[in-house]
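What follows is one structure encoded as structure tokens, with my remarks underneath.
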Amino acid sequence: MVAITLPDGSIRQFDGAVTGAGIAESISKSLAKKALAVKVDGDVRDLFGEIDQDASVEIITRDHEDALDLIRHDTAHLMAQAVQELFPGTQVTIGPNIEDGFFYDFARDEPFSTDDLAAIEKRMAEIVDQDRPTRMEIWARQDAITHFNALGETYKAEIIADLPSDEDVKIYFHGDWHDLCRGPHLPSTKHIGKAFKLMKVAGAYWRGDHRNAMLHRIYGTAWRTDKELKAYLQRLEEAEKRDHRRLGREMDLFHMQSEAQGSVFWHPKGYILWRELEAYMRRRLDDDGYVEVKTPQLLDSKFWEKSGHWGKFRENMFVVPDEIPSTDDEGPVLTGEGNLLALKPMNCPAHIQVFNQGIKSYRDLPVRIAEFGCVHRNEAHGALHGLLRVRQMTQDDGHIFCREDQVVDETRRFLALFSRVYSDMGMTEIAYKLATRPDMRAGDDAVWDRAEKALADALTSSGLEFDIAEGEGAFYGPKLEFHLTDAIGRTWQAGTFQLDYVMPERLDASYVDEAGAKQRPVMLHRAVLGTFERFTGLLIEHYAGRLPLWLAPVQVVVATITSEADAYAEETVAAMRAAGLRAELDIRNEKINYKVREHSHAKVPVIAVVGAREAEEQKVSLRRLGQKEQNVVLRDQAIDALAEEALAPDLRPQG
RNA sequence: GCCGCAGUAGCUCAGUGGUAGAGCGCACCCUUGGUAAGGGUGAGGCCGAGAGUUCAAUUCUCUCCUGCGGCACCA
């Protein structure tokens with residue numbers, strides 16, 4: 001006897017082993033028709049799999065929360081079938097689900113074209129109509145390897161050979177087409193539905209290793225219903241409008257051009273945003289016990305040899321000859337006989353030089369050194385991406401030199417600063433990651449144990465949830481990474497916090513302890529925003545350009561209805577500026593509709609409309625970005641209120 | 001760096017083997033109007049760069065550059 005407990009608590013008895021399909025059938029015919037899979041004690045399984053002991057069971061239908069993953073994975077198989085039928089000789093490799101869809105990597109000499117995608121979609125729909133049934137067989141490992149090798153599916157054979165030895169080799173069939181897969185799958189292709197779309201083709205390395213062959217990846221999306229699919233496509237379109245590169249142009253914040261690849265030309269409005277952020281960060285750092293420094297841009301290559309960067313990161317550094325000027329018959333020339341200099345790719349070695357001046361006592365620690373440090377890194381060209389991945393960037397960098405027993409406190413202190421700043425920015429969706437020891441590392445395991453524990457403890461005691469990024473720490477120590485998400489869901493590291501036991505050693509940083517003995521300080525590398533470039537890009541996307549008043553480059557536009565109000569408008573702008581507001585005047589001979597539209601597009605948070613009436617009554621008609629309502633208030637009151645609202649969060653009266 | 005796609009006016013894009021077009025924006029004129037496009041006129045282009053094929057290339061081919069989407073990378 002097998003007792004099956006259903007979600008409503010009822011129990012059904014079966015004489016022996018029963019399948020999910022059988023259970024659904026026993027409940028109702030219509031449920032049996034709709035059933036996609038079955039959840040047995042929390043495990044999603046095939047409908048045709050046998051359940052031979054007591055269990056709680058849930059029948060998964062299309063509207064179940066687990067259905068979407070099943071549909072997407074089946075759609076990936078469906079696509080692979082279509083591809084192999086249309087393009088014989090194409091090998092399948094792997095095809096997992098991802099956020100909002102799936103992909104499948106194919107090995108083939110020719111790439112797929114956009115036309116190919118349309119053809120594949122068409123064939124996929126045909127296969128759905130054919131309603132090919134699903135079944136699963138468990139094969140002997142060697143048989144499976146031989147079978148797939150015989151078919152020319154060498155990648156598949158390789159995957160099977162690498163399966164853990166205790167794992168069954170499951171082969172799923174959809175009609176005759178079959179693939180190695182863990183499952184589970186829908187009962188037949190009909191159940192997949194047609195709410196799918198193939199999105200794009202891309203290259204991807206086999207097993208994610210750039211030394212391997214490049215495969216052709218097709219990305220697709222799949223949903224329960226056409227309505228969901230449509231909503232998703234619309235969401236993508238909306239996301240495109242939030243793209244910081246587009247908004248940067250529309251709002252006249254910055255531009256980039258090929259002569260300065262990966263570097264930013266900040267326009268006046270964009271630089272106001274930068275300056276506001278910088279001034280804010282500077283106040284926060286001053287309050288938190290940092291001292292600010294400015295260190296050289298160019299340092300001798302020998303310095304980088306000592307710091308270890310020359311050996312490890314030479315490829316990413318911009319190197320310039322320290323040429324010696326001289327004169328020959330032709331006039332002044334430069335010779336390359338001087339030393340090599342490199343633009344700093346990081347500020348840390350320079351900060352150690354500042355720390356190293358004079359002799360530090362244990363009483364001096366912790367020393368917190370901050371710098372809005374401009375660094376250059378020669379990134380792979382394919383990696384560059386608007387403001388989010390650049391070659392010249394300014395970090396809100398800082399290095400804390402402390403004793404080992406101060407590490408936990410300093411970490412907590414940093415987390416408090418970090419949370420304060422991000423909540424001030426209105427950026428609350430942050431993914432915390434603890435990156436642990438990599439294979440290649442310096443220092444012994446006892447030190448790593450302590451360091452990782454210190455970071456984990458600080459996170460936990462600050463009440464933060466975090467993921468562990470196994471093996472992704474720096475070679476000199478573990479790190480905390482703070483990730484933000486862009487408009488289309490890609491995540492980017494913004495802030496960082498790293499423990500370093502190595503660089504103080506290499507560059508001989510020391511302090512004198514109570515006993516008068518020389519000790520190594522621990523070095524903490526930390527950035528809150530990360531870089532101004534990336535943070536600004538993410539900020540723009542987060543707000544879709546509608547920045548909070550204190551960050552908006554233009555806070556108010558005073559726009560006239562007729563020229564009768566020109567003088568009053570000028571006076572109003574002057575008063576606003578005197579109150580510290582970034583106000584602009586618009587007395588152009590244009591209709592008010594036109595002005596409102598234009599300044600709304602430019603994402604100006606407040607438009608103050610003035611006509612004869614307002615001038616007469618000493619009022620302004622305020623209109624907030626994105627709202628239709630107008631608020632006619634006394635001018636002086638409006639200015640006071642706006643001026644207070646425009647204060648940076650740390651400058652607002654507490655209460 | 002790798003795979004694919006793209007590059008035409010400031011922006012968004014159309015187009016053609018015989019050296020180019022629209023809308024928006026911009027300039028000027030008319031219009032002084034109550035909260036997301038008033039009307040007219042006009043100026044803007046070495047059709048990404050180089051080479052090749054051709055009587056003729058913005059158009060076809062190749063190389064390069066840059067951008068975009070992924071992949072890899074991200075101290």
Side-chain angles (χ1 to χ4, degrees), chain A residues 98 103 105 110-114 116 199-219 240 243 245-246 249-250 252 255-259 261-262 304 307-309 311-317 344-349 375 377-386 388-391 393 438 472-476 479 481 488 490 492-493 496 498 500 503 525 530 534 559-566 587-602 607-614 621-632:
Chain A
I98 50 172
F103 66 76
D105 286 347
E110 288 285 298
F112 295 103
S113 69
T114 319
D116 293 339
M199 305 298 288
K200 56 196 174 194
V201 282
Y205 297 107
W206 166 235
R207 299 206 147 151
D209 189 327
H210 69 278
R211 289 164 301 193
N212 290 339
M214 184 150 269
L215 307 172
H216 302 292
R217 173 172 297 180
I218 302 180
Y219 284 92
E240 228 170 86
D243 189 311
R245 292 165 298 186
R246 175 181 173 145
R249 188 178 56 240
E250 289 175 358
D252 194 17
H255 85 272
M256 298 173 90
Q257 62 188 51
S258 57
E259 288 87 347
Q261 219 188 113
W304 300 111
S307 73
H309 292 88
K312 218 165 149 36
F313 309 114
R314 170 71 180 80
E315 284 174 12
N316 292 304
M317 291 168 67
K344 62 176 171 183
M346 308 165 136
N347 303 298
C348 33
V375 298
R377 299 176 188 178
N378 197 355
E379 304 284 3
H381 284 48
L384 300 178
H385 181 90
L388 302 185
R389 192 78 183 268
V390 290
R391 301 206 296 178
M393 68 212 87
E472 288 182 23
F475 75 94
Y476 49 72
K479 3 182 225 182
E481 297 179 358
I488 63 167
R490 292 177 291 211
W492 300 85
Q493 184 187 314
T496 179
Q498 310 177 9
D500 183 358
M503 214 177 296
H525 306 242
R534 179 176 288 182
T560 50
I561 293 172
T562 70
S563 54
E564 283 174 275
D566 285 1
I587 54 171
R588 290 174 304 167
N589 176 15
E590 295 291 350
K591 289 201 164 171
I592 193 62
N593 285 8
Y594 182 90
K595 293 184 185 179
V596 166
R597 177 183 155 83
E598 191 180 87
H599 300 305
S600 298
H601 277 305
I607 303 175
V609 175
V610 295
R613 231 154 44 214
E614 285 79 7
S621 168
L622 296 184
R623 180 192 167 114
R624 298 280 174 156
L625 180 58
Q627 292 178 15
K628 275 201 157 356
E629 303 86 74
Q630 300 139 41
N631 201 6
V632 182

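Below, chains carry the letters A, B, ... as their sequence lines are ordered, and counting in each starts from 1.
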Inset, instruction - Answer with base, sugar-phosphate or nothing: what part of the nucleic acid does A:Y476 contact at a heavy-atom distance below 4.0 Å? - result: sugar-phosphate

Legend entry - B:rA49 and B:rA9, which share atom name P, separated by this distance in whole Å: 11 Å

Legend entry - B:rG25 phosphate, OP1 or OP2, under 4.0 Å from A:Y594 side-chain N/O: yes

Legend entry - Where A:E379 and A:R391 come nearest, the two heavy atoms and their spacing: N-CD, 4.0 Å

Inset, instruction - Check whether any side-chain N or O of A:R623 sits under 4.0 Å from OP1 or OP2 of B:rA36, and answer yes or no. - result: yes

Inset, instruction - Could you give the distance separating B:rG1 and B:rA37 at their P atoms, to the nearest angstrom? - result: 47 Å

Inset, instruction - Working to the nearest 0.5 Å, report the span between CD1 of A:I592 and OG of A:S621. - result: 8.5 Å

Inset, instruction - For residues A:L384 and A:Q261, determine if any side-chain heavy atom of one lies less than 4.5 Å from a side-chain heavy atom of the other. - result: yes

Inset, instruction - Classify the nucleic acid contact of A:S621 as base, sugar-phosphate or nothing, counting any heavy atom under 4.0 Å across all strands shown. - result: base

Legend entry - Atom of A:R211, atom of A:D209 and distance for their closest heavy-atom approach: NH2-OD2, 2.6 Å

Inset, instruction - Pick the C1' atom in B:rU12 and in B:rG4, then give their distance to the nearest Å. - result: 24 Å

Legend entry - A:R246 CZ - B:rG10 C1' separation (whole Å): 16 Å

Legend entry - Atom-to-atom span, CD of A:E590 to P of B:rU35 - whole angstrom: 16 Å

Legend entry - Sugar-phosphate only, base, or nothing, as touched by A:K200 at under 4.0 Å among non-hydrogen atoms: sugar-phosphate

Inset, instruction - Could you tell me the separation between the CD atom of A:E250 and the P atom of B:rC11, rounded to a whole number of Å? - result: 12 Å

Inset, instruction - Drop me the distance from A:N316's CG to A:H309's NE2, to the nearest 0.5 angstrom. - result: 10.5 Å

Inset, instruction - Supply the atom-to-atom distance A:M346 CE to A:M317 CE, rounded to the nearest 0.5 angstrom. - result: 9.5 Å

Legend entry - Distance in angstrom units between A:E472 CD and B:rC74 P, rounded: 9 Å

Legend entry - d(CG, A:L388; P, B:rG67) in whole Å: 14 Å

Legend entry - Inter-residue atom distance A:T560.OG1 - A:D566.CG, 0.5 Å rounding: 5.0 Å

Inset, instruction - Quote, to the nearest angstrom, the P distance that separates B:rG23 from B:rA14. - result: 16 Å

Legend entry - Closest heavy-atom pair and its distance - A:R534, A:Q493: NH1-O, 2.6 Å

Inset, instruction - Please work out if A:G208 contacts a base, only the sugar-phosphate, or nothing of the nucleic acid, heavy-atom cut-off 4.0 Å. - result: sugar-phosphate

Inset, instruction - Taking only the side-chain nitrogens and oxygens of A:K591, find out if one of them lies under 4.0 Å from OP1 or OP2 of B:rG39. - result: no

Inset, instruction - Report yes if a donor N or O on one partner sits less than 3.5 Å from an acceptor N or O on the other, where the partners are the side chain of A:R211 and the base of B:rA72; otherwise report no. - result: no

Inset, instruction - Using the P atom on both, measure B:rG52 against B:rC5 and round to a whole Å. - result: 26 Å

Inset, instruction - Quick one: label A:A612 by what it contacts on the DNA or RNA (base, sugar-phosphate, nothing), any heavy atom closer than 4.0 Å. - result: base

Inset, instruction - Starting at atom CD1 of A:I561, determine the distance to atom C1' of B:rU32, rounded to an integer number of angstrom. - result: 11 Å

Sort me out a list of protein N/O and nucleotides 63-66 of chain B N/O pairs below 3.5 Å, or just none if empty.
from: B:rU66; atom 1: OP1; to: A:Q261; atom 2: NE2; distance (Å): 2.4

Legend entry - Rounded distance in Å between the P positions of B:rG21 and B:rC29: 28 Å

Legend entry - Expected output: side-chain A:E598 to main-chain A:K595 donor-acceptor under 3.5 Å: no

Inset, instruction - Could you check whether A:R490 gets within reach of a base, just the sugar-phosphate, or nothing at all, counting any heavy atom under 4.0 Å? - result: sugar-phosphate

Legend entry - For B:rG69, glycosidic torsion class - syn if within 90° of 0, otherwise anti: anti

Inset, instruction - Assign the ring pair A:F313 / A:F475 to parallel, tilted or perpendicular, where the plane angle (0 to 90°) is split at 30° and 60°. - result: tilted

Legend entry - Nearest-Å distance for atom pair CG/C1', residues A:D209 and B:rG1: 14 Å

Inset, instruction - Assign A:Q498 to base, sugar-phosphate, or nothing according to its heavy-atom contacts below 4.0 angstrom with the strands shown. - result: sugar-phosphate

Inset, instruction - Look at all strands and tell whether A:F475 reaches a base, only sugar-phosphate, or nothing, counting heavy atoms closer than 4.0 Å. - result: nothing

Legend entry - Candidates B:rU32, B:rU35, B:rA36 - which lies nearest the side chain of A:S563: B:rU32

Inset, instruction - Determine the minimum heavy-atom distance between A:P345 and A:R377, stating which atoms define it. - result: O-NE, 2.8 Å

Inset, instruction - Classify the nucleic acid contact of A:K344 as base, sugar-phosphate or nothing, counting any heavy atom under 4.0 Å across all strands shown. - result: nothing

Hey, what are the protein-to-nucleotides 40-46 of chain B N/O distances that come in under 3.5 Å?
none

Inset, instruction - Over all heavy atoms of both residues, which pair between A:I218 and A:F112 is shortest? Give the atoms and the distance, please. - result: CD1-CD1, 3.8 Å

Inset, instruction - Using the C1' atoms only, state how far B:rC24 lies from B:rU61, rounded to an integer number of Å. - result: 36 Å

Inset, instruction - Please figure out whether A:M214 or A:R597 has its closest RNA chain B nucleotide nearer the 5' end. - result: A:M214

Inset, instruction - Give A:P111 one of three labels, base, sugar-phosphate or nothing, depending on what nucleic acid heavy atoms sit under 4.0 Å from its own. - result: sugar-phosphate

Inset, instruction - Remember a base hit wins even if backbone is also touched, and classify A:I488 as base, sugar-phosphate or nothing at under 4.0 Å, heavy atoms. - result: sugar-phosphate

Inset, instruction - Write down the distance separating the P atoms in B:rG67 and B:rG34, rounded off to the nearest Å. - result: 48 Å

Legend entry - Polar pair under 3.5 Å, donor/acceptor by atom type, side chain A:Y205, base B:rG1: yes

Legend entry - Between B:rC71 (C1') and A:L384 (CG): distance, integer Å: 15 Å

Inset, instruction - State the NE2-CH2 distance between A:H385 and A:W492, to the nearest 0.5 angstrom. - result: 5.0 Å

Legend entry - First of A:D243 and A:I607 reached from the 5' end of RNA chain B, by closest nucleotide: A:I607

Inset, instruction - Would you classify A:R613 as touching base, sugar-phosphate or nothing, given that sugar-phosphate means primed atoms plus P, OP1 and OP2, and contacts are heavy atoms under 4.0 Å? - result: base

Inset, instruction - For A:K595, report the nucleic acid contact type (base, sugar-phosphate, nothing); a contact means any heavy atom under 4.0 Å. - result: nothing

Inset, instruction - From the options B:rG1, B:rA36, B:rG69, select the nucleotide whose nearest atom is closest to the side chain of A:A380. - result: B:rG1

Inset, instruction - Stems involving RNA chain B: give each as a range paired with a range, ordered by first number, where a stem means at least three consecutive Watson-Crick or G-U wobble pairs under 3.5 Å. - result: B:1-7 with B:65-71, B:10-13 with B:21-24, B:26-30 with B:38-42, B:48-52 with B:60-64

Legend entry - Neighbour count above 12 (heavy atom, 6.0 Å) for A:E315 CD: no

Inset, instruction - Please name the pair of heavy atoms, one in A:Q498 and one in A:A474, separated by the smallest distance, quoted to 0.1 Å. - result: OE1-CB, 4.4 Å

Inset, instruction - Tell whether A:R389 reaches the base of B:rC73 with its side chain through a donor-acceptor pair below 3.5 angstrom. - result: yes

Inset, instruction - Classify the nucleic acid contact of A:R245 as base, sugar-phosphate or nothing, counting any heavy atom under 4.0 Å across all strands shown. - result: sugar-phosphate

Legend entry - Point-to-point distance, once rounded to the nearest 0.5 Å, from CD of A:Q627 to CG of A:L622: 11.0 Å

